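So the structure is just underneath, and the comments pick up after that.
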Amino acid sequence: MLGPVILAASRSDRIRRLISAAPVTRQVVDRFIPGATVDEIVPIVRELTDRGLELTMDVVGEDITTPEQAGAARDAYLELVDRLKQLELGTRAELSVKLSMFGQALPGGHELALANVRPVVEAAAAIGTTVTLDAEDHTTLDSMFAIHEELRKDFPQTGCVIQAYLFRTEADARRLAGNGSRVRLVKGAYKEPAEVAHQSKHEIDKAYVRILKVLVEGEGYPMIGSHDPRLISIAQELAHRAGRKLDEYEFQMLYGIRGDEHLRLAAEGHRMRVYTAYGTDWYGYFMRRLAEKPANLRFFARSILTRG
């Protein structure tokens, strides 16, 4: 399987340098990360919202090694919130954050990440939007869920992400699927050991459907993160059986992948949210997009060969 190999490569400084220096890389990265700054991303935000889509926005960059960098990440999100306020898009665009950006892996990282993310959640609430805490590797999840629980005391609309490939996730879904919750279900994009996660696509897909059923039949708001046509159809059927209206759940897909499907679902009346990342520290995010789906890797390889 290529996915684990690519994820291992994402942690290699040598491969990072090689890929970053390749002339074609920027062209391909732009497919998934359409801007480096807030100013560059604004036209994308306008274009997507004008076409009936909603967004969740991610400032990329997870390699945080100092409290100062964590503070800078917080400030980058605050700048984004301010720009969304100016554009009057607070009800159309939410934020996705990785707590590693806010210092979670540093000494005292749990408290530091909570202190840094809280003002972002406060600012988002002030303009009518919210924040979803992204899931990272399994060693970080207890901290993420604890921060999520703490933030929901004052900001109950705060969402979180769960990953279908982890054995623990079905139990997490049952705990999280209560009234007022917002939970995004994804397959998972980190290299996890067999002791904690399913390794085959077939087993991951089966787990995804089981967990999706828990969320759809629960009292919260499911956010279905998938590009898989089969899983999307299953989600629609499960939502219909559960008596959910179209505004009682949503689909989420990545910017740059299956754009026609984004528009099709929105045209059918579904809430369709596009996960849109921007920033300069794109490497880790980019490599996980390649690992998630063979077609993404083929696209990258074809672009390099064509350029060559």
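Only a predicted model underlies this, so the values are computations on that prediction, with no experimental measurement involved.
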Can a salt bridge be assigned to the pair Arg174 and Glu170 using a cut-off of 4.0 Å between side-chain N and carboxylate O? yes
Can you tell me if Thr130 uses its side chain to pair, donor with acceptor, with the backbone of Gln157 under 3.5 Å? yes
Take Phe251 and Gln236 through the side chain to side chain contact (heavy atoms under 4.5 Å, CB included) test and state the conclusion after the steps. CA-CA 10 Å; Phe251 292 101; Gln236 290 172 309; 3.7 Å; yes
Could you walk me through whether Arg83 and Glu79 pass salt bridge (charged side-chain N to carboxylate O under 4.0 Å, His left out), step by step? CA-CA 6 Å; Arg83 185 58 63 90; Glu79 179 187 19; 5.3 Å; no
Within the side chain of Glu203, is there an N or O that forms a donor-acceptor pair under 3.5 Å with the backbone of Ser200? no
Within the distance-only criterion (no hydrogens, no angle test), does the side chain of Tyr77 pair as donor or acceptor with the backbone N or O of Val59 below 3.5 angstrom? yes
Under 3.5 Å: donor-acceptor pair, side chain of His262, backbone of Gly256: no
Thinking salt bridges, do Arg175 and Asp172 make one under a 4.0 Å N-O criterion? yes
Apart from Val161 itself, residues in the same hydrophobic cluster as defined by side-chain heavy atoms under 4.5 Å: Val186
Kindly indicate whether the side chain of Asp142, heavy atoms from C-beta on, has any atom under 4.5 Å from the side chain of Arg168. yes
Is a donor on one side and an acceptor on the other found under 3.5 Å between the side chain of Glu136 and the backbone of Leu99? yes
Quick check against the 3.5 Å criterion: does Gln199 have a side-chain atom that pairs as donor or acceptor with the backbone of Glu192? yes
Beyond-backbone contact of Phe155 with Arg118, side-chain heavy atoms, under 4.5 angstrom: yes
Salt bridge present between Glu149 and Arg152 (N-O < 4.0 angstrom): no
Return the set of residues passing salt bridge (Lys or Arg N to Asp or Glu O under 4.0 Å) with Lys213 (not counting sequence neighbours), or none when no residue passes. Glu217
Determine, step by step, whether Lys98 and Asp58 satisfy the side chain to side chain contact (heavy atoms under 4.5 Å, CB included) criterion, reporting the C-alpha distance in whole Å, the side-chain angles of both residues, the deciding distance to 0.1 Å, and the verdict. CA-CA 8 Å; Lys98 292 178 174 60; Asp58 174 11; 3.4 Å; yes
At their closest point, which heavy atom of Leu141 faces which heavy atom of Ala135, and how far apart are they? CD2-CB, 3.9 Å
Decide side-chain hydrogen bond (donor to acceptor under 3.5 Å, both in side chains) for Gln252 and Thr56; before the verdict, give the C-alpha distance in whole Å, the side-chain angles of both, and the deciding distance to 0.1 Å. CA-CA 9 Å; Gln252 296 192 4; Thr56 184; 5.5 Å; no
Start with the C-alpha distance between Val97 and Leu133, add both sets of side-chain angles, then the distance that settles side chain to side chain contact (heavy atoms under 4.5 Å, CB included), and finish with yes or no. CA-CA 5 Å; Val97 305; Leu133 305 184; 3.5 Å; yes
Counting N and O atoms only, with roles assigned by atom type, does the side chain of Glu250 sit under 3.5 Å from a partner on the main chain of Arg273, one being a donor and the other an acceptor? no
Listed partners of Arg92 passing salt bridge (Lys or Arg N to Asp or Glu O under 4.0 Å), at least two apart: none
Residue among Ile224, Asp228, Ile234, Thr169 satisfying side chain to side chain contact (heavy atoms under 4.5 Å, CB included) with Tyr208: Ile224
Who passes salt bridge (Lys or Arg N to Asp or Glu O under 4.0 Å) against Arg74, sequence neighbours left out? none
Basic-acidic side-chain contact under 4.0 Å: Asp205, Lys201: yes
Quick check: closest heavy atoms across Arg182 and Val131, and the distance to 0.1 Å? NH1-O, 4.1 Å
Exceeds 12 heavy-atom contacts within 6.0 angstrom, atom CD of Glu88: no
Under the rule for ring-ring contact (aromatic ring centres under 6.0 Å, His included), what residues qualify as partners of Tyr165, not counting sequence neighbours? none
Write out all pairs satisfying side-chain hydrogen bond (donor to acceptor under 3.5 Å, both in side chains) with one or both partners inside residues 41-53, taking only residues at least two apart or from two chains. none
Between Lys191 and Asp137, does any NZ, NE, NH1 or NH2 come within less than 4.0 Å of an OD or OE carboxylate oxygen? no
So does Met253 get a backbone contact from the side chain of His227, meaning a donor-acceptor N/O pair under 3.5 Å? no
